[in-house]
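Everything numeric in this text was worked out from a predicted model, so none of it was measured. Scope of the values below: all heavy atoms of this structure, side chains included, with no hydrogens, waters or symmetry mates.
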Amino acid sequence: MSNLSALPITIVFHKNYNSNNRSRCAYWDLTEVNWRSDNCSTQELSGGRVQCVCHHLTSFAILMDPFTHAANNLFQSFVTKVVLSVSIVFLVVSIIIWISF
């Protein structure tokens, strides 16, 4: 047997729960100590399954992206900025009171 690296490896994962979140097939790169998804393709199947087709053998997983809705990201960003601004205002007030006494 030669040239086994040219054969694609197909793995089907079953999600523990049905979700509208975006799935991505990935593998753990030991040299970069990071998840990578190059040379892998992802296909959502029926029944809460995800099919990964990759061209190498390593440790595989599906990564779930919980932030797929742009409106939620915009709202979270707005709330974060408001809360941070209020915190900074109260920090400045606290410093002024501390210096005054």
Side-chain angles (χ1 to χ4, degrees):
M1 298 185 104
S2 63
N3 200 13
L4 289 177
S5 63
L7 298 174
I9 306 300
T10 302
I11 302 170
V12 177
F13 292 96
H14 296 272
K15 295 181 186 179
N16 289 338
Y17 57 92
N18 285 331
S19 146
N20 292 330
N21 296 342
R22 185 176 57 106
S23 303
R24 180 174 55 123
C25 295
Y27 66 94
W28 186 251
D29 188 341
L30 292 173
T31 19
E32 292 188 17
V33 191
N34 195 11
W35 288 104
R36 296 188 51 175
S37 60
D38 52 315
N39 295 321
C40 290
S41 64
T42 306
Q43 181 180 5
E44 296 279 343
L45 302 175
S46 63
R49 298 176 300 146
V50 177
Q51 176 177 302
C52 297
V53 178
C54 298
H55 293 276
H56 50 80
L57 289 173
T58 59
S59 298
F60 292 97
I62 54 170
L63 304 179
M64 305 297 291
D65 182 7
F67 303 109
T68 55
H69 304 290
N72 286 344
N73 286 340
L74 182 61
F75 176 73
Q76 288 173 349
S77 176
F78 174 74
V79 169
T80 300
K81 289 175 184 175
V82 168
V83 170
L84 182 62
S85 300
V86 169
S87 296
I88 290 173
V89 166
F90 280 106
L91 175 65
V92 169
V93 168
S94 296
I95 291 173
I96 290 172
I97 291 173
W98 185 75
I99 291 175
S100 298
F101 294 103

Can you list every pair that meets ring-ring contact (aromatic ring centres under 6.0 Å, His included) and has a residue in residues 21-51, with sequence neighbours left out? Y27-H56, W28-W35
Between R24 and the options C52, S37, C40, the side chain to side chain contact (heavy atoms under 4.5 Å, CB included) test singles out S37
For V50 and E44, run side-chain contact (heavy atoms from CB on, under 4.5 Å): C-alpha distance rounded to whole Å, both residues' side-chain angles, the deciding distance at 0.1 Å, then the answer. CA-CA 5 Å; V50 177; E44 296 279 343; 3.8 Å; yes
Residue list, side chain to side chain donor-acceptor pair (under 3.5 Å) with D29, at least two apart or on another chain: T31, R36
Do L30 and V33 sit in one hydrophobic cluster, given that two such residues count as connected whenever their side-chain heavy atoms are within less than 4.5 Å of each other, even indirectly? yes
Name all pairs fulfilling the ring-ring contact (aromatic ring centres under 6.0 Å, His included) condition that reach into residues 82-101, sequence neighbours left out, sorted by first residue then second. none
L91 reachable from I99 in the ILVMFWY side-chain graph, under 4.5 Å edges: yes
Shortest non-hydrogen contact from Q76 to T80? O-OG1, 2.7 Å
CD1 of I95 to OG of S100: how many Å apart, nearest 0.5 Å? 11.5 Å
Smallest heavy-atom separation, S23 atom then T42 atom, equals O-CG2, 3.7 Å
Once rounded to the nearest 0.5 Å, what's the spacing between atom SG of C25 and atom CD1 of I11? 8.0 Å
Which distance, rounded to the nearest 0.5 Å, do you find between the OG of S41 and the NE2 of H55? 6.5 Å
